[in-house]
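All remarks here apply to the structure that follows.
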There are 2 protein chains.
Amino acid sequence: MTTPSPLNAPLPPGRWALALHGGAGTIARSSAEAEAPYHAGLRAALAAGEAVLVQGGSALDAVVATVVALEDCPLFNAGHGAVFTADETHELDAGLMDGATRAAGALAGVRSLRNPILGALELMRDGRCVLMGGAQAEAWCAARGVVQVDPSYFSTAARRAQLHAVRARDAEAMLLDHHAAALKMGTVGAVARDRHGHLAAATSTGGMTNKRAGRIGDTPLVGAGVWAADGHCAVSTTGTGEHFIRGCVAHDVHARMAYGAQGLVDAAQAAICDALAPLGGSGGLVAVDADGRIAMPYNSTGMYRAWAREGEAAHSAVFEPLFLR
Amino acid sequence: MTTPSPLNAPLPPGRWALALHGGAGTIARSSAEAEAPYHAGLRAALAAGEAVLVQGGSALDAVVATVVALEDCPLFNAGHGAVFTADETHELDAGLMDGATRAAGALAGVRSLRNPILGALELMRDGRCVLMGGAQAEAWCAARGVVQVDPSYFSTAARRAQLHAVRARDAEAMLLDHHAAALKMGTVGAVARDRHGHLAAATSTGGMTNKRAGRIGDTPLVGAGVWAADGHCAVSTTGTGEHFIRGCVAHDVHARMAYGAQGLVDAAQAAICDALAPLGGSGGLVAVDADGRIAMPYNSTGMYRAWAREGEAAHSAVFEPLFLR
């Protein structure tokens, strides 16, 4: 499985690399005009992470800045613009991992943190727990100064219409929105290598439209939805969460590199093809290795994504897989 | 890293193997008389799983029967006899995985399910979610007929004294109970290979004494606290949960076997020594492979455990590591 992508070439030492995703799924092709706002959102989030890295900032700070921008963008399923649960509420999950220390922080089922990834960061910095859930997690974060909002902040008219369409199994209404199918279970995430060679990953989501309240997906789970280890890789996943959990997909990329001597691109592609797909899973991931290589495989029809490396032009894409359909 | 243990020899085809743990930690050596009840509890749980396997039952049913017996035993930190949170409540986590189908089910932070592992099983059988948390998880399980109890059912005088000792940092009181240090963060779990060659794993816990309410440990996390994949291994872990999450320790055993061509015993020992210990983690795991080999490494002073293989005598142990201290 050799790959001709230029992103499979190592960066010169001391250069940064950044990749993000805004969800993967069955995305119908539409006009360039209809896709333009998504590309703009992806590029803006990329720029937020780049701004950290070009100043010599850490991979951790870069992925947090990127994911905050994606959470704030109403087009993607995280933070403002999160999908609705079956109870017509929002339950947000987020997780991050610092490859330098292998520290991690994650939140499940929070309902009032403006940027769940900032709550996860606070938990990681505290260091006593990796994962907290529900109201207690929220209260703990609030006491530490993580900004809370009224839950209506997360709601958008487009997401409410999506919930009603899903409830009515209104296939026609879903198809009218070319992005609906992907975004009803989308996720956002980012991975980075900073100039010092450190890696980090962050993932955030509003979960699945019409999901059962209380369900925790792969997003806040270290090894499933997020993973980072210096010297190996940083990974953020998106797709049918239960399959990513059962395949331990993010750690699977690491394991193929660490124990199977595979390169990042082959390991990432194999994790999607051989660990996720046989379970019936659909989705993709973004990953970066210690040399700044980037891999973005997916087995869905599309994945919202963007990437940049120091000294190379920034890109965003929805289709046009570099490695794999 | 070769190991002379007889458990490293494959079983003849068509024979079953079963191993369980009741927690790992800093366990002070005490008299045989004081240890006897623990051995009796371990043996009774082993017998519950054996009863399934000798009738040709599935590995899944065997690990569930074993963990139910451990949950029902007040000596171990799961179900009846679970430790107290900082709020003087009980929050129970449990997870299981069926190696034959790679299906999994897990619950986090439930407070009224008599046997949390049976709730996890129900969730796995339903198949729509792998992991649910909190009150909604509980309500869903109750609606499906999983037995609920008043939370006082889980409480024992010994655990309440343990909480008070921890709160008072009363080292003397802790030392009087030789098993306190291990059991304040214990877990129970089981792994099995059935006569048909299928593998399964299950893990259950009351968490850590005086833990922050809302904290979710490794127990219900696929890849960290529980893992099973036919053809490779089934794994159940116990110890300092946050380190097991950050090391993705259960899946790490699988990965070393699948991608690094290591045998079960070497892979399990390396997961403890090379994936867990460098993070500062302490604890152990029980694991079984497709040929019925059993590994039970730990890096704490002891681990409550028991094991049996078809045609061989049953054993229980607290110290006397077979492979590793």
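The chains referred to below are lettered A, B, ... by the order of the sequence lines, with proteins before strands, and numbering in each begins at 1. Only heavy atoms go into these numbers, but all of them, side chains included; no hydrogens, no water, no symmetry mates.
Neither the backbone nor the side chain of A:Asp87 has a heavy atom closer than 4.5 Å to any heavy atom of chain B. The contact between B:Ile245 and chain A is made by backbone and side chain atoms together, counting heavy-atom distances below 4.5 Å. Residue A:Ile216 touches chain B through both its backbone and its side chain, counting heavy-atom pairs closer than 4.5 Å. Only the side chain of A:Arg212 comes within contact range of chain B, with heavy atoms under 4.5 Å apart. Heavy atoms of A:Ala213 lying under 4.5 Å from chain B belong to its backbone as well as its side chain.
The candidate from A:Ala103, A:Ala104, A:Gly134, A:Ala224 with the greatest count of non-hydrogen atom pairs under 4.5 Å with chain B is A:Ala103. The residue among B:Gly247, B:Gly133, B:Ala135, B:Ala137 with the most heavy atom pairs within less than 4.5 Å of chain A is B:Gly133. Your options are B:Cys248, B:Gly223, B:Gly260, and the one with the most heavy-atom pairs under 4.5 Å with chain A is B:Cys248.
The shortest distance between side-chain heavy atoms of A:His251 and B:Asp252 falls below 4.5 Å.
For the atom pair B:Asp218 CG and A:Leu131 CG, the distance stands at 10.5 Å (nearest 0.5 Å). One distance of note links OH of A:Tyr259 with CE of B:Met257; it measures 13.5 Å at 0.5 Å rounding.
The main-chain N or O of B:Arg246 is found under 3.5 Å from a side-chain atom of A:Arg102 such that the two form a donor-acceptor pair.
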